[in-house]
Protein chains: 2
Amino acid sequence: MALSDSFMLATQELAPELGPAAAALALLGHEPGMPIERLRRALGLSHSGTVRLVDRLVAGGVIERHSSEQDRRAVALHLTKSGEEKCAAILAVRQQRISCALKVLDPHELEALGKIAEKLLKNQVHNLDEAYCVCRLCDPAACVNCPVAAALNESETAQKL
Amino acid sequence: MALSDSFMLATQELAPELGPAAAALALLGHEPGMPIERLRRALGLSHSGTVRLVDRLVAGGVIERHSSEQDRRAVALHLTKSGEEKCAAILAVRQQRISCALKVLDPHELEALGKIAEKLLKNQVHNLDEAYCVCRLCDPAACVNCPVAAALNESETAQKL
DNA sequence: AATATTATATGCGCAATGCATACAAATCAA
DNA sequence: TTGATTTGTATGCATTGCGCATATAATATT
């Protein structure tokens, strides 16, 4: 138990968040056209905070505000070319840090950790907001058989949302 | 691998940091008399940022600046009565969240996770600063056979810090 | 004794957040 | 349809927390 505590902290240390910007880019790379409100819930910010974050990212030339097709008050956020490059770089660094940390594990341990992680995740995700929250910095290319998506499908079939 | 990514994120979500204040209290609870500079390195803040944090915590009545015995320029930070209560509450909430997240694991998996965590941690800690960094929110009472301390002892005997 | 390093403190500006408010579009009620 | 409620976005305002540069005192080094 105490060891797991420390492990969780260690994993936190491994992902040096420079604020929510990196997560926003990763999320938009994952799901282009996401509206501000969904981004807000995924990042856990206030509304104005999210709008200002989007302002900064637009000013920085990494994302664009498009008008949404389905909802004319909503904004459809998209990565620009430069934003996609940034996003790829963020995911690459992340991947590199993680594999560096995990390289001390032998294949058997890695397998065990994967199983355990899947179990923990499935138990943790109950709705769409929490799913996006967990997937904030996930690399959709690397995340085969995403357990979050699986957990969501289950709860969808079970209780219709 | 992809699952481990998600797992690390999930663990992050579990520990809702309200900024470095909680970690500061936990660290001071762990090692009373700690000077500002060590706190600074453990929290990864700038110096002024740490001083201001200490100011706020002092103003909030949870810690006190004492004068250090060994070094007359240094400050010895101590928790007040109220600070110790806060610290205990923080560690308790943390403990509760973690055990809640881990309760889906069977004893065998818990054991495996512990082993894996220990291995990862030992590999991650190379010096005293990193050790404090990892132990930021650890509960010293719960952390029996702290792998960080063990890793430090090893490197000390090996290369005399 | 003179210099360099270390620990702390503070003035200053900035960046990021939240609250309250406003407005437009969509949904719901009657 | 009309009117009321909810939802998505935007902005003015204040606050907060941070880092940089600088200053001072104590320790370490030479």
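Letters A, B, ... mirror the listed sequences (proteins, then strands); counts begin at 1.
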From [options], nucleotide with atom closest to [X] side chain:
X     : options               : value
A:R52 : D:dG19, D:dT11, C:dA9 : D:dT11
B:A74 : D:dT11, D:dG17, C:dA7 : C:dA7
A:V75 : D:dT9, C:dT8, C:dG11  : D:dT9
A:R65 : D:dG19, D:dA10, C:dT6 : D:dA10

Any donor-acceptor N/O pair, [X] side chain to [Y] backbone, under 3.5 Å:
X      : Y      : answer
B:E109 : B:L105 : no
A:E118 : A:K115 : no
B:T50  : B:I36  : no

Whole angstroms only, please: what is the [atom1]-[atom2] distance between [X] and [N]?
X     : N      : atom1 : atom2 : answer
A:E37 : C:dA26 : CD    : P     : 16 Å
A:I36 : D:dT11 : CD1   : P     : 10 Å
B:R38 : C:dT6  : CZ    : C1'   : 13 Å
A:H47 : C:dA16 : NE2   : P     : 18 Å
B:E69 : C:dA7  : CD    : C1'   : 16 Å
B:L45 : D:dG17 : CG    : C1'   : 10 Å
B:Q70 : C:dT6  : CD    : P     : 18 Å
A:D71 : D:dT6  : CG    : P     : 17 Å

I need the minimum non-hydrogen distance between A:V62 and A:K86, along with the two atoms involved.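 Residues A:V62 and A:K86, closest heavy atoms: CG1-CG, 4.0 Å.
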**OP:** Please check the phosphate of C:dA26 (OP1 and OP2 only) for any side-chain N or O of A:R72 closer than 4.0 Å.
**Re:** yes
May I ask you to verify if any side-chain N or O of B:R56 is less than 4.0 angstrom from the OP1 or OP2 atom of D:dC18?
->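 Yes, because at least one side-chain N or O of B:R56 sits under 4.0 Å from OP1 or OP2 of D:dC18.
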Using heavy-atom distances to pick each residue's nearest nucleotide on DNA chain D, tell me which of A:R73 and A:V51 is more 5'.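 Nearest-nucleotide comparison on DNA chain D picks A:R73.
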(Q) Any donor-acceptor pair, under 3.5 Å, between the side chain of B:S48 and the base of D:dC20, if you only look at N and O atoms? (A)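 It does, because a donor-acceptor pair links the side chain of B:S48 to the base of D:dC20 below 3.5 Å.
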- prompt: Can we say B:E85 and B:K81 salt-bridge, meaning some charged N sits less than 4.0 Å from an Asp/Glu carboxylate O?
  reply: no
